[in-house]
Amino acid sequence: MKYALVTGGSRGIGRTTCIRLAEQGYAILVNCKTNVDEALKTLELVKEKGTTGEVLKFDVSDKVAVELVLGGWIEANKDKPIEVLVNNAGMREDALMVFMNDEQWKNVLGTSLDGFYYVTKLVVHEMLVRRYGRIVNVVSLSGIKGMPGQTNYSAAKGGVIAATKALAQEVAKRGITVNAVAPGFIRTDMTKELNEQELKALIPMQRFGEPEEVAETITFLVSPKASYITGEVISINGGLYT
């Protein structure tokens, strides 16, 4: 059985990605930080697709937790290789930089940037041994363009974009691809407090995107059809920024 790990898999883009990968025959490791109930709902939706999986509860920004839970799972399941890693976990704590406190900076960078490092370092090791793997990092328009009020989020996602390009070159000869998708305004819990009516007027397509549209791109990038694509960042933003 081949496995896919999706961090932040309990809701939104993460949940939809879990379901799409399950449709491709992957068993799914659904990571969550706190919301186990929602992660279990994702797992049920995965099982409805005829496959299986588990919920792994850990904070991606906590090195000890990552090594204990994810590292422990890898060690106990040598016959269940993680072929696909989707680094989707992220958080926003928006504020103008002049008003931003240290915790807002550390929390956001910790989840996206440290989380990418701790989780990927564990998973890519086995991919290198097996000479196959697919890694997709969910970044953001903020990491490409920069957004006012999101200096922390822009820095975090911009850092993951740079890391994507570097890691892709390090592991390409071992049959591993590393790419990123950069969503714009996608209709999820993370954007529900935004003024959609006002913001969609800025988007050439005149609407927010749907989680399924991001998940479809991720599914393509982990498929054999994308085997010669690596180090790329694909924007999914309705033409808002190109």
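Hydrophobic clustering (side-chain heavy atoms under 4.5 Å, transitive across Ile, Leu, Val, Met, Phe, Trp, Tyr) keeps V138 apart from F185. In terms of hydrophobic clustering, with Ile, Leu, Val, Met, Phe, Trp and Tyr side chains grouped at heavy-atom distances under 4.5 Å, V119 and V136 are assigned to different clusters. I218 and M127 are members of different hydrophobic clusters when ILVMFWY side chains are connected at heavy-atom separations under 4.5 Å. Hydrophobic clustering (ILVMFWY, side-chain heavy atoms < 4.5 Å, transitive): L5 and L43 are in distinct clusters. Side-chain heavy atoms closer than 4.5 Å link hydrophobic residues (I, L, V, M, F, W, Y) into clusters, and following such links, possibly through other members, connects I74 to V69.
Panel note: side chain T16, backbone G12; a donor-acceptor pair is recorded below 3.5 Å. When atom types are taken as modelled, the side chain of N31 and the backbone of V6 share no donor-acceptor pair closer than 3.5 angstrom. Looking only at distances, no side-chain donor or acceptor of T52 sits under 3.5 Å from a matching main-chain atom of A27. Panel note: side chain R15, backbone S10; a donor-acceptor pair is recorded below 3.5 Å. Put simply, the side chain of N237 gets close to the backbone of G239: a donor and an acceptor are under 3.5 Å apart. Checking side-chain atoms of Q104 against main-chain N and O of N101 turns up a donor-acceptor pair under 3.5 Å. Panel note: side chain S227, backbone P224; a donor-acceptor pair is recorded below 3.5 Å. Using modelled atom types, no side-chain atom of N77 and backbone atom of K80 make a donor-acceptor pair closer than 3.5 Å.
For the pair F208 and L199, the minimum side-chain heavy-atom distance is below 4.5 Å. Using a 4.5 Å heavy-atom cutoff, the side chains of T111 and V60 are in contact. Using a 4.5 Å heavy-atom threshold, the side chains of T151 and W105 count as touching. For the pair N88 and T17, the minimum side-chain heavy-atom distance is 4.5 Å or more. Residues C18 and L45 have side chains not in contact (no heavy-atom distance under 4.5 Å, counting atoms from C-beta outward). Residues P211 and I186 are in side-chain contact: their nearest non-hydrogen atoms beyond the backbone lie under 4.5 Å apart. F116 is not listed as a side-chain neighbour of T7, based on a closest heavy-atom distance of 4.5 Å or more.
With values rounded to the nearest 0.5 angstrom, I28 atom CD1 is found 6.5 Å from T51 atom OG1. Expressed to the nearest 0.5 Å, how far OG1 of T219 lies from CD of Q24 amounts to 6.0 Å. Rounded to the nearest 0.5 Å, atoms CG (L167) and NZ (K165) are 13.0 Å apart. The CG atom of D102 lies 10.5 Å from the CG atom of N107; values are rounded to the nearest 0.5 Å. R20 contributes atom CZ, which lies 8.5 Å from atom NZ of K49 (distance to the nearest 0.5 angstrom). Between the CE atom of M91 and the CG atom of L109 there is a distance of 11.0 Å, given to the nearest 0.5 Å.
Here K41 does not pair with E44 in a salt bridge; the nearest charged N to carboxylate O distance is not below 4.0 Å. A salt bridge does not link E83 with R130: every distance from a Lys NZ or Arg NE/NH1/NH2 to an Asp or Glu carboxylate oxygen is 4.0 Å or more.
Closest heavy-atom contact between V222 and R134: O-CG, 3.5 Å. A156 and S112 make their closest contact through CB-CB, 3.7 Å (heavy atoms, listed as atom of the first residue, atom of the second, distance). K157 and A89 get closest at one heavy-atom pair: NZ-O, 4.2 Å. Heavy atoms only, all atoms of each residue included: E67 and L122 are closest at CA-CD1, 4.1 Å. Minimum heavy-atom separation, D114 to G110: CB-O, 3.1 Å.
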Between side-chain atoms of residues 139-146 and protein atoms elsewhere (two or more places apart, or another chain), which donor-acceptor pairs fall under 3.5 Å?
from, atom 1, to, atom 2, distance (Å)
S140, OG, S142, N, 3.0
S142, OG, Q150, OE1, 2.4

Go through the steps for V123 and I135 under the test side chain to side chain contact (heavy atoms under 4.5 Å, CB included), then give the verdict.
-> CA-CA 9 Å; V123 174; I135 299 171; 5.9 Å; no
Any chance you could lay out the side-chain hydrogen bond (donor to acceptor under 3.5 Å, both in side chains) test for T164 and N137, step after step, and finish with the verdict?
-> CA-CA 7 Å; T164 296; N137 301 314; 2.8 Å; yes
Can you check side chain to side chain contact (heavy atoms under 4.5 Å, CB included) on E93 and E103, steps first, answer last?
-> CA-CA 9 Å; E93 291 192 26; E103 288 304 306; 5.6 Å; no
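Shown here is K225, whose NZ atom has no more than 12 heavy atoms of other residues, nucleotides or ligands within 6.0 Å.
Taking the centre of each ring, F58 and W73 stay at or above the 6.0 Å mark.
With sequence neighbours excluded, no residue forms a salt bridge (Lys or Arg N to Asp or Glu O under 4.0 Å) with K2.
When each of N179, L221, V214, I229 is tested with I234 by the rule side-chain contact (heavy atoms from CB on, under 4.5 Å), just one qualifies, namely L221.
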